[in-house]
Amino acid sequence: MRERGGRRRDPRWPPARVSGELNFRMTNGGKTTLASSLQEQIPNSCIIAQDSYFKDDSEVPMDSNGFKQYDILEALHMQMMMRDVDSWRRDPESFLRQQGLETQLIEPSVDNQVFVLIVEGFLIFNYRPLDELFDKKYFMEIPYDACKRRRSLRVYTPPDPPGYFDGYVWPMYLKNREEIESDTSEFVFLDGLKPKEELLAAVCKDLCQEIQRLREKN
Ligand SMILES: Nc1ncnc2c1ncn2[C@@H]1O[C@H](COP(=O)(O)OP(=O)(O)O)[C@@H](O)[C@H]1O
Ligand SMILES: NC(=O)c1ccc[n+]([C@@H]2O[C@H](COP(=O)(O)O)[C@@H](O)[C@H]2O)c1
């Protein structure tokens, strides 16, 4: 089937009038890497990344150890993020266009579309208004050592001060995770140590089934 715009539809992705949201978490687990590969693979998809909503450093308070508290919801403009998600939900096609992304409308009917929003972030399941929207939730996990190693290679703005990972980031990861522990039955856990290509293939396969399921439900 040829799509409007002259592109062929990828037969792996079934057409459907679906607005799906999926989500990833854990710092340095590989969320951004996987999300951007998925976005390239899935027609009519786009990413909203929680990292884009951090408040200015001057607005982020310090804890009693002198560490900036970046790993709490209050460090993020969550209402702004929610507003963008709502805007996508209202009209995904125009949202995609605003992001400079090409829509791939599938004949014969414009109603017969798949629109997938990929939400990636380290603290999204902890924000209930967002959490309850997701059709599919993925939790990327890596062990402490790998997380610490990957994090040591990243330069955030501002950069992590000495001792930040052990003194703040990892304890906050455990705390934030504990907060959502009762929901974990809904997650598909992904081993972030697996090769990127393997993770991408597994999620693509899973999502294709999910889209089909949503399509049948609609
Ligand atoms: N599957 C993987 N295997 C090995 N390294 C990875 C993998 N996925 C991501 N990385 C690397 O880990 C670091 C953090 O990845 P990133 O996608 O930015 O994580 P996150 O968005 O979860 O913080 C980057 O250097 C990236 O290249
Ligand atoms: N403005 C920023 O982007 C910024 C600043 C300081 C720390 N961080 C860190 O970003 C992490 C979350 O992002 P990742 O999931 O991409 O690692 C948090 O653990 C937080 O400590 C981000």
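Both ligands and their constituent atoms are indexed starting at 1 by order of listing. From a predicted model like this one, the values you see are computed outputs, not experimental measurements.
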Proximal ligand 2 atoms for Asp51, defined as those under 4.0 Å from one of its heavy atoms: 13 (O), 14 (P), 16 (O)

Which ligand 1 atoms does Leu199 reach within 4.0 Å, using its non-hydrogen atoms? 1 (N)

Cluster check Leu123, Tyr156: I/L/V/M/F/W/Y, side chain < 4.5 angstrom: no

Using 4.0 Å as the upper bound for N to carboxylate O, is an ion pair formed by Glu210 and Lys205? no

Side chain, backbone, both or neither: which applies to Asp57 and ligand 2 if a contact is any heavy-atom pair less than 4.0 Å apart? neither

Quick one: which of Arg150, Glu198, Lys196 has a heavy atom closest to atom 27 (O) of ligand 1? Lys196

Would you kindly say whether Tyr138 and Asp206 are connected by a side-chain donor-acceptor distance under 3.5 Å? yes

Taking a cutoff of less than 4.0 Å between a non-hydrogen atom of the residue and any ligand atom, is Lys31 in contact with ligand 2? yes

If we only count N/O pairs under 3.5 Å, is Arg154 in contact with ligand 2? yes

Counting heavy atoms under 4.0 Å, the part of Arg151 that contacts ligand 2 is side chain

Heavy-atom proximity to atom 14 (C) of ligand 1, best of Thr33, Asn28, Leu200, Thr27: Asn28

Given Gln50, Arg151, Glu197, Arg154, which has its nearest heavy atom closest to atom 18 (O) of ligand 1? Arg154

Evaluating non-hydrogen atoms only, which member of Leu123, Asp71, Val169 is closest to atom 20 (C) of ligand 2? Asp71

Residues Lys137, Asp131: salt bridge by 4.0 Å N-O rule: yes

Below 3.5 Å, N or O to N or O, backbone or side chain included: is there any such pair between Leu193 and ligand 1? no

Measure the distances from the heavy atoms of Met172 to every atom of ligand 2 and state whether one is below 4.0 angstrom. no

What protein heavy atom is closest to atom 7 (C) of ligand 2, reported as residue, atom name and distance in Å? Tyr70 CG, 3.7 Å

In terms of side-chain geometry, is the basic nitrogen of Asp160 or Arg154 positioned less than 4.0 Å from the acidic oxygen of its partner? no

State whether the side chain of Ser36 and the backbone N or O of Thr32 hold a donor-acceptor pair below 3.5 Å, judged by distance alone. yes

Taking only non-hydrogen atoms of Gly192 and a 4.0 Å limit, the atoms of ligand 1 in range are 1 (N), 2 (C), 3 (N)

Test your reading of the structure: does Thr32 have an N or O sitting under 3.5 Å from an N or O of ligand 1? yes

Under 3.5 Å between some N or O of ligand 1 and some N or O of Gly30? yes

Separation between CE (Met81) and CZ (Phe54), nearest 0.5 Å, reads 10.5 Å

Quick note on ligand 2: atoms under 4.0 Å from a heavy atom of Asn28 include exactly 17 (O)

Do Glu179 and Asn126 have a side chain donor and acceptor closer than 3.5 Å? yes

Looking at Glu178, I'd like to know if its CD atom is crowded, meaning that more than 12 non-hydrogen atoms belonging to other residues, nucleotides or ligands lie closer than 6.0 Å. no

For the 3.5 Å polar cut-off, considering only N or O atoms, please tell me whether Tyr164 and ligand 2 meet it. no

Regarding Arg149 and the six-membered ring of Phe165, is the cationic atom NZ or CZ under 6.0 Å from the ring centre and inside 45° of its axis? no

